[in-house]
Amino acid sequence: MEKEMVKTAVPMLELAKYHRQIEKIQVADIKPNPDNQALMKFNGYYTLNTAEGAFFAIDANMLIKNGSTTPVYFLDLIVSLDGKTSNRYPFTGTFDGTKLVQPYVNLGGADFNLTFTRTDRSEGTTATCSGSISLQGKSAVTVTGTTYNNPIPSSLYVGKYYFPENKVQKNVMSIEEDYKILYDNGKDGLQPVSTYVYNLNMYYFSFVDGSDSVSLIMGTAAEKGFACNNMIVDKASNTVNTRSLLTIPTATMAPFELNDITGNALAGFSGYYPLKSLDNTQSVASTSSLTSLAFLSVQAQYVTANEAKDYDVYQVMISVSLDGVTSKGYYFDPKTMTFENNTLTMKNESITLTFNREYNSENDSLVTITGSIMGHKVTGYTLFNPVPLTVFGGVTMTNKQGDTLTVTNNNQVIYNGVTMNSIIYVPLMYILAYPIIDTTTVMSFGTDGLKGNTCIITNNLSGTPVTSVVYAIPDAN
């Protein structure tokens with residue numbers, strides 16, 4: 001199997017370790033908390049006010065074991081009140097849809113009394129929490145927190161994923177309905193993955209395949225559909241390889257345009273919107289029928305245009321696929337397109353869509369769209385939410401090798417003593433590239449359980465990609 005041979009560190013160490021522990025549990029011994037489903041709606045990483053780097057997380061993981069089509073969910077409460085140490089506590093309390101109450105249950109436990117509120121009609125955060133947290137033997141601490149996260153079910157990523165082998169795009173992974181995954185390890189072709197764990201906050205699958213530990217870090221890739229950073233750790237040889245998988249690798253890419261739409265509200269509606277047809281009408285302009293894999297993608301990015309000032313140039317890519325197999329991307333062009341009163345009009349492309357920001361508890365969506373695309377009347381919604389770069393600030397992220405990364409503001413990071421303020425940042429996927437021209441460094445931000453904020457950093461200064469991983473709490477495990 002051809003892989004992108006990259007010298008790399010292993011990401012998501014704490015989370016992967018926890019996944020292996022979950023896999024060992026006998027399903028018959030699992031007694032799920034009846035309030036799991038209600039609390040999962042507030043799954044996410046909440047930045048707390050108690051100290052730099054402090055956080056509270058509702059961490060949901062889904063277990064599929066021995067080919068079962070019935071998922072089992074594990075919910076944990078992770079907390080760091082000082083930004084330096086952290087602890088994980090299984091959710092054993094109660095949640096009535098608004099208030100979380102969990103008293104001490106044993107030595108070393110914690111007491112949680114928190115109220116959650118949706119911030120569903122405003123761009124930015126998705127929820128807030130407030131109340132008190134007390135660790136065993138310590139006084140209660142009053143806390144407030146905010147999150148930009150929203151739970152993403154594994155079913156969203158249904159599709160066939162491709163990787164180039166011998167200059168041909170080969171289907172090397174398929175995520176199917178009923179929680180099925182087929183994976184090609186390069187030896188046996190596509191084979192079912194009988195046991196795996198999925199994290200709803202970081203869109204992260206992990207499983208064991210022979211002597212390999214496999215990680216699937218999921219995301220979106222504009223006109224190329226869904227993306228997967230597939231990392232394979234060979235335990236026998238202690239080597240790590242990575243490959244980038246896409247659902248539409250041969251998508252039609254739009255010519256690059258740098259149209260500054262700073263102040264245009266469209267960027268705030270970044271998301272991946274699966275589409276559903278509202279009727280069966282189809283105009284002559286339609287080029288394809290609408291299938292269950294049809295989607296609209298809105299993906300904004302900003303470029304720091306002046307290294308001496310905090311000034312950003314925004315651009316937005318609008319991508320459309322009516323069949324989930326082919327797609328086309330368009331950069332928003334203010335000369336031929338408009339976004340007024342939350343309605344996107346692209347006359348040349350026969351697209352008119354109205355965006356409505358409102359949380360829907362039935363499907364956990366944040367924004368709904370209605371309108372027409374190339375003759376099809378459609379509706380859709382997104383579960384994704386753009387995240388500012390500053391969310392990954394607070395404390396310097398480090399590792400045992402001595403690497404350091406500090407997010408100073410939305411326009412600047414400092415990596416190993418080098419100030420980087422000529423950047424491109426994609427808020428939807430938390431990805432940063434430096435510099436703007438001839439990029440040599442790519443950073444993928446996220447969280448890793450007890451380790452808090454984390455970043456996978458890939459450098460290509462030497463011509464051979466080298467990847468490191470840094471954490472806000474590197475010693476947590």
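Keep in mind that the numbers below use all heavy atoms, side chains included, and drop hydrogens, waters and symmetry copies. The shown structure was predicted, so the numbers you read here are calculated from the model rather than taken from an experiment.
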Give a yes or no on whether a salt bridge exists between [X] and [Y], defined as a side-chain N under 4.0 angstrom from a carboxylate O.
X	Y	result
Asp475	Lys400	no
Asp120	Arg357	no
Glu23	Arg20	yes
Arg88	Glu14	yes

So, do [X] and [Y] sit near enough that their side-chain heavy atoms are less than 4.5 Å apart?
X	Y	value
Tyr73	Met40	yes
Lys180	Leu182	no
Tyr425	Ile431	no
Asn61	Leu200	no
Gln299	Ser319	no
Phe91	Gln102	yes
Thr447	Met202	yes
Phe205	Ile181	yes

Requested in this report: Report the C-alpha distance between Asp364 and Ser361 in whole Å, list the side-chain angles of each, state the deciding distance to 0.1 Å, and finish with yes or no for side chain to side chain donor-acceptor pair (under 3.5 Å).
Outcome: CA-CA 5 Å; Asp364 295 325; Ser361 61; over 6 Å; no
What's the spacing between [X] [atom1] and [Y] [atom2] if we round to 0.5 Å?
X	Y	atom1	atom2	value
Ser86	Ile78	OG	CD1	7.5 Å
Ile133	Leu48	CD1	CG	5.5 Å
Met397	Met443	CE	CE	8.5 Å
Ile30	Ile25	CD1	CD1	5.5 Å
Ile318	Leu266	CD1	CG	5.5 Å
Leu81	Thr50	CG	OG1	5.0 Å

Between [X] and [Y] (judged by ring centroids, cut-off 6.0 Å), do the two rings come close enough to count as a pair?
X	Y	answer
Tyr203	Tyr198	no
Tyr46	Phe116	yes
Tyr183	Phe207	yes
Tyr148	Tyr45	no
Phe295	Tyr272	yes

Least distance between heavy atoms, [X] atom then [Y] atom:
X	Y	result
Val298	Leu428	O-CD2, 3.9 Å
Ile457	Thr441	CG2-CG2, 3.9 Å
Thr379	Thr370	OG1-CG2, 3.7 Å
Leu450	Ala476	O-CB, 3.5 Å

**Report entry** ring pair (Phe, Tyr, Trp, His ring centres under 6.0 Å) between Tyr196 and His19, worked out
**Finding:** CA-CA 8 Å; Tyr196 66 85; His19 281 189; 9.6 Å; no
Requested in this report: Run through Leu405, Val395, Thr454 and flag the one making a side chain to side chain contact (heavy atoms under 4.5 Å, CB included) with Tyr471.
Outcome: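 Exactly one option meets the side chain to side chain contact (heavy atoms under 4.5 Å, CB included) with Tyr471, and it is Thr454.
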Would [X] and [Y] count as having a side-chain donor-acceptor pair, cut-off 3.5 Å?
X	Y	value
Thr406	Thr396	yes
Tyr359	Asn150	no
Thr147	Thr126	no
Ser444	Asn229	no
Asn66	Ser68	no
Thr467	Thr458	yes
Tyr273	Ser297	no

Report task. Apply the test ring pair (Phe, Tyr, Trp, His ring centres under 6.0 Å) to residues Phe95 and Phe42: give CA-CA distance (whole Å), side-chain angles for both, the deciding distance (0.1 Å), then the verdict. Result -> CA-CA 11 Å; Phe95 184 69; Phe42 288 92; 5.8 Å; yes
Report task. Give the ring-plane orientation class for Phe112 versus Phe56, where under 30° counts as parallel, over 60° as perpendicular and anything between as tilted. Result ->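 Phe112 vs Phe56 ring planes: tilted.
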Query raised in the report: Are Asn360 and Thr368 close enough, and set up right, to give a side-chain contact (heavy atoms from CB on, under 4.5 Å), and what steps lead you there?
Result: CA-CA 9 Å; Asn360 184 312; Thr368 302; 5.5 Å; no
Query raised in the report: Are Asn199 and Asp59 close enough, and set up right, to give a side chain to side chain donor-acceptor pair (under 3.5 Å), and what steps lead you there?
Result: CA-CA 8 Å; Asn199 181 269; Asp59 192 50; 2.9 Å; yes
Inspect the surroundings of [atom1] in [X] and state if more than 12 heavy atoms from other residues, nucleotides or ligands are less than 6.0 Å away.
X	atom1	value
Glu177	CD	no
Tyr162	OH	yes
Asp96	CG	yes

Requested in this report: Test Thr343 against Thr352 for side-chain contact (heavy atoms from CB on, under 4.5 Å), laying out the working first.
Outcome: CA-CA 7 Å; Thr343 296; Thr352 302; 4.1 Å; yes
Query raised in the report: Could you walk me through whether Tyr415 and Ser468 pass the side chain to side chain donor-acceptor pair (under 3.5 Å) check?
Result: CA-CA 11 Å; Tyr415 177 54; Ser468 62; 3.3 Å; yes
Requested in this report: Go through the steps to decide whether Leu353 and Val378 satisfy the test side-chain contact (heavy atoms from CB on, under 4.5 Å), and finish with yes or no.
Outcome: CA-CA 9 Å; Leu353 295 167; Val378 300; 3.9 Å; yes
**Report entry** Test log, rule salt bridge (Lys or Arg N to Asp or Glu O under 4.0 Å), inputs Lys160 and Glu176
**Finding:** CA-CA 8 Å; Lys160 295 183 178 180; Glu176 302 182 344; over 6 Å; no
Query - From Asn385, Thr146, Thr119, residue fulfilling side chain to side chain donor-acceptor pair (under 3.5 Å) relative to Thr125 - result: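 Testing Thr125 for a side chain to side chain donor-acceptor pair (under 3.5 Å) against Asn385, Thr146, Thr119 leaves exactly one candidate, Thr119.
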Report task. Output yes when a side-chain donor or acceptor of Ser215 lies under 3.5 Å from a complementary backbone atom of Ser206, and no otherwise. Result ->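 No, because the side chain of Ser215 does not come within donor-acceptor range (under 3.5 Å) of the backbone of Ser206.
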Requested in this report: Could you walk me through whether Tyr18 and Asp76 pass the side chain to side chain donor-acceptor pair (under 3.5 Å) test, one step at a time?
Outcome: CA-CA 11 Å; Tyr18 183 57; Asp76 294 288; 2.4 Å; yes
Report task. Starting from the C-alpha separation in whole Å, work towards a yes-or-no answer on side-chain contact (heavy atoms from CB on, under 4.5 Å) for Met173 and Ile175. Result -> CA-CA 7 Å; Met173 182 177 74; Ile175 298 178; 4.3 Å; yes
